[in-house]
Amino acid sequence: MGSRDSRRILGPEKSVAYSLLQPPCQRSFLNSTNTRTDGRSPADTRKHFLSVGLISEAKGSSYVEAGNTKVCCGVYGPRDVQRGSDFKMSCQVVCQVKMSPFSCPVRLPPMSGDRDREMSRQLKNALESVIILDKFPKSEIDVYITVVEDGGGLLAACVTAAGLALAHANIDMYDIVVGASVLYHDKIMYVDPSRQEEEFEAKALRDPNNKNEEWGQLTVGMMPKYASGQVALMIQSGQMEANNLVEGLELATDLCTKLYNLVKKTLLEHVEIILKEEKEAIEGADT
Amino acid sequence: MVDINLSDAEKCYIIDGVKLGIRVDGRDRLDYRHLEIETGLVSTANGSARVRLDRTDVLITVKMEMDRPSPDQPNQGRLRFFVNCSANAAPEFEGRGGEDLATTLSAMMDRLYSSPYTLDRSCLCVVPGKHVKVLYVDIEILDCAGNLFDAVSIGVKAALWATHLPRIYVTGEDGGELEFEVSDNPHDTERINVSNAPILITHLRITENLTIVDPTPEEEECGPVQVVVGVTPSGLITALQQLGQGTFTTQTLSAAIKLTRELGMKIHTHLTAKLRQEESMENREIRGFL
C-alpha cells in the first residue's frame, strides 16, 4: 500500500478475498454444443442496453449495459479551465473512471487504484482525438464514469458510454466513438468476452502446466463513419501472432459498426421523445 | 521532448520526404538510428544497461529484493517497473512534469511483460507461498531525443540479461521462521532467462496511411499519433497501445502490426548477438559516461 487513507477505516489490513483461496475452476470456454457458458456462439455479442439522460445535473449523461457490465457516464462542460492549470488554445479533456468497491467479486479499496487511473488515461487519450478540440478554446470538458459492475469488456463499455454522453451533451465531435473487445483463446476469437472468460484466461495463465502459447485480449475504440473508419483507441495485451491480431481487429471493427447503429438509434429515440414533449408543452400552453 | 518549433514549410519538407521514401537524415522508413548498448556499468545494482539511440539516452538498473508472494500466485516472483524522468532530459520534467510520461511508460512495460511466457517468474521463487524475489527495474531517462519506448524496452532486456542474482540458500528453521544464507561468492549467481523477453517498436503515423519507425523529435512533431507494439523474438505480439492525439485507419494499423513482426525478429537477433559478444570480451573496460 503506497498511500493510506487515514480518513477512512479500511478494515483489517491483511484480509484477503476468500475467492482467491479457492482453486481455479477448470472449465473450457465452449461446452459440448459449441456454445459459450452464457449460451452464445463465439461470434455472438452480449445483449446491449443504452440510454441517455439519467443524470439530471449533467450536461450530458449515458448509461450502458453490455451483458453484466454496467457503467454510467456524466459529461460536464465545456467550462472555464480550473484555476492553476495551464492556459491552452485548445480544449482540455478531463477523464475519471471510478470503479465502485462492489463492482468486482473481490472488493476494491475506495481509493482509486492503478486500474482506474490507467483506464482514465487511456480513455482521455481516445477522447482527445474524437472531440474537435479547437472548437472549445480555453475550456475544459469533464467526463466522469462510474462503473457499477464489471462484467467483462469494461474499457470498451466505458468508451461507448463516453461517446454517447458526449453526443447527448452536444459536444462537437468528428464522429461518435464506440468501443468493442475481442478475446483470443485456444485458436478461436471470442467477440465481446464476459468477465468469466477474461478471468479464466488470467487464471489459466498462472498454471505452469498450461502449454497454450497464444492468447490475448484486444480493445478497440473507433469512429466507424468518419473517413471510412478511424481507430481512436487500440489496446492489446497477451501474446498472439500478428495475423491473428489483425483478424481480431477486423472482428472488433465489425462489432463497432453494429454498436454504432444502436447508439444512433438510442440518440434518435431520445430526440423524438424531446420533440414530442416540446410539442405537447406548446399545445398545453395554447389551450 | 524539448520544445521544437517547426514552421509549416519545415513540416511539409519532412512529410513530403517520407512520401517519397527519403527521411531528413537519409534513412528509409524502417531504418533505426545508431544504437549503443553497454551493460554492467552500475556496480551497486544486480544488473544494469545504458542505451543510447542517437541522442536519446536511458539508464536501466535491476535490483533484487525479497517479498511475500501475492496469495493467488504463491510461487511467482514479481517484476516491477519504475520510471524517473530526470529534469536534465527536459526542463518540462521538473517537479511533477514528467509524471504523465513516466506512468504511461511504466504501464506499457508492465503490459509488455504481463504474459508469463515473456519471462519465467517461477525461477524467482525461493520458498513457495512465503518468500519470492522481486526485481525492481528502475528506468532513468537521461536524454530524450525521440523514440523513448523502443530505447527503454531494449535497455530493459539488456539489463535483465546482465543481471546476476546472488544465490539464496535456506539453511534451517528456527521456531517456524526460516533462516537464509546469501552466497557471498561473486561468481555463485543465477541468471535470468531473457530468451523470450519482448521489445517495443513505435510506429509514428506521419501522414495518411504512412508510418515510420524510430522517429526523431522533429518527425514526432509532424505526426502526433503513434502506435507502440511489443514483439517477442519468436514474432508474437505481446502488447499494443495507441498513444497521442489522432487516429489510425485499420489498414494502417494492420500494416504496422505485420511490419513489427518482421522488424522485431531482426532486432532481437542482432541484440542477442551483440550482448553475447559483449559478454565474451575478456577484461572489458567499462566506459560508462566518459
Side-chain angles (χ1 to χ4, degrees), chain A residues 16-17 19-22 24 90 93 106 114 117-118 121-122 125-131 133 174-175 177 202-203 205-208 210 212-216 218 220-223 226-247 249-250 252-253 256, chain B residues 68 70-76 100 103-104 106-108 110-118 120-122 125 196 198 205 208 224-225 227-232 234-262 264-265:
Chain A
V16 168
S19 58
L20 292 178
L21 302 173
Q22 291 171 327
S90 65
V93 183
V106 176
D114 287 347
R117 250 171 283 152
E118 203 188 333
R121 211 171 42 241
Q122 289 162 345
N125 202 355
L127 294 182
E128 276 176 342
S129 35
V130 171
I131 299 169
L133 298 173
Y174 294 103
D175 191 8
V177 65
K203 274 183 183 158
L205 277 179
R206 292 180 205 133
D207 182 7
N210 180 14
N212 176 21
E213 285 247 325
E214 260 192 86
W215 65 279
L218 170 72
V220 171
M222 72 180 299
M223 299 184 274
Y226 174 60
S228 65
Q230 294 284 322
V231 181
L233 167 129
M234 179 163 174
I235 287 162
Q236 178 250 351
S237 56
Q239 167 148 317
M240 53 209 286
E241 281 284 351
N243 292 335
N244 294 328
L245 184 54
V246 170
E247 196 194 321
L249 179 60
E250 278 162 15
T253 313
C256 280
Chain B
R68 299 184 76 83
S70 59
D72 50 336
Q73 292 161 294
N75 48 8
Q76 304 254 303
D100 240 20
T103 41
T104 313
S106 58
M108 192 67 211
D110 274 332
R111 185 186 297 278
L112 185 65
Y113 279 90
S114 65
S115 163
Y117 304 109
T118 51
D120 182 20
R121 288 160 178 81
S122 53
C125 178
N196 267 330
R205 196 203 74 174
E208 242 172 83
V225 62
V227 59
V228 187
V229 191
V231 60
T232 63
S234 52
L236 293 172
I237 310 292
T238 57
L240 185 145
Q241 188 166 354
Q242 199 172 316
L243 292 169
Q245 276 175 35
T247 53
F248 278 98
T249 59
T250 45
Q251 292 84 350
T252 318
L253 276 176
S254 309
I257 291 166
K258 285 176 180 158
L259 279 176
T260 305
R261 189 188 133 84
E262 312 300 321
M265 284 159 83

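Sequence lines set the chain letters: A, B, ... in the order given, protein chains first and strands last, and positions in each chain run from 1. This one's a predicted model, so the numbers in the text were calculated from it and none came from an experiment. What's counted below: heavy atoms across the whole structure, side chains too, no hydrogens, waters or symmetry copies.
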| message | Quick check on B:Leu112 against chain A: is it the side chain, the backbone, both or neither that has a heavy atom closer than 4.5 Å? | response | neither
| Rounded to the nearest 0.5 Å, how far apart are CG of B:Leu243 and CE of A:Met234? | 13.0 Å
| remark: Distance col, row A:Asn244:CG vs B:Ile257:CD1, nearest 0.5 angstrom, shows 11.0 Å
| query | What is the distance from atom CG of A:Leu249 to atom CG of B:Leu240, rounded to the nearest 0.5 Å? | reply | 9.0 Å
| said: For B:Glu208, is the CD atom crowded, meaning more than 12 foreign heavy atoms sit under 6.0 Å from it? | reply: no
| note | If one checks every heavy atom of A:Thr253 against chain B at 4.5 Å, the contacting part turns out to be side chain
| note | Note: B:Ser115 and A:Gly238 closest approach over all heavy atoms is CB-O, 4.2 Å
| said: Which atoms of A:Glu250 are under 4.5 Å from chain B, going by heavy atoms: the side chain, the backbone, both sets, or neither? | reply: neither
| Nearest atoms (heavy-atom pairs only) where A:Arg121 meets B:Ala107 | NH2-CB, 3.6 Å
| With only heavy atoms counted, which part of A:Ile235 is less than 4.5 Å from chain B, the side chain, the backbone, both or neither? | both
| Nearest heavy-atom pair of A:Val246 and B:Ser254: which atoms, and what distance? | CG1-OG, 3.7 Å
| remark: Honestly, the part of A:Leu133 sitting under 4.5 Å from a heavy atom of chain B is side chain
| query | If we only count heavy atoms from C-beta on, is the A:Val231 to B:Gln242 side-chain gap below 4.5 Å? | reply | yes
| Taking all atoms of both residues into account, what is the closest heavy-atom pair of B:Gly246 and A:Ser129, and its distance? | N-CB, 3.1 Å
| message | Run the side-chain contact (heavy atoms from CB on, under 4.5 Å) test on B:Leu236 and A:Glu241 for me, step by step, so that the C-alpha distance in whole Å, both residues' side-chain angles and the decisive distance to 0.1 Å come before the verdict. | response | CA-CA 5 Å; B:Leu236 293 172; A:Glu241 281 284 351; 3.8 Å; yes
| said: The test is side-chain contact (heavy atoms from CB on, under 4.5 Å); show your working for B:Asp110 and A:Glu118 and say whether it passes. | reply: CA-CA 12 Å; B:Asp110 274 332; A:Glu118 203 188 333; over 6 Å; no
| remark: Turns out that what part of B:Thr104 lies under 4.5 Å from chain A's heavy atoms comes down to both
| said: At a 4.5 Å cut-off on heavy atoms, which part of A:Glu128 comes close to chain B: side chain, backbone, both, or neither? | reply: both
| query | Short question: side chain of A:Gln239, backbone of B:Thr232 - any donor-acceptor pair under 3.5 Å? | reply | no
| note | Result for side-chain contact (heavy atoms from CB on, under 4.5 Å) between A:Gln230 and one of B:Thr252, B:Thr247, B:Thr250 points to B:Thr247
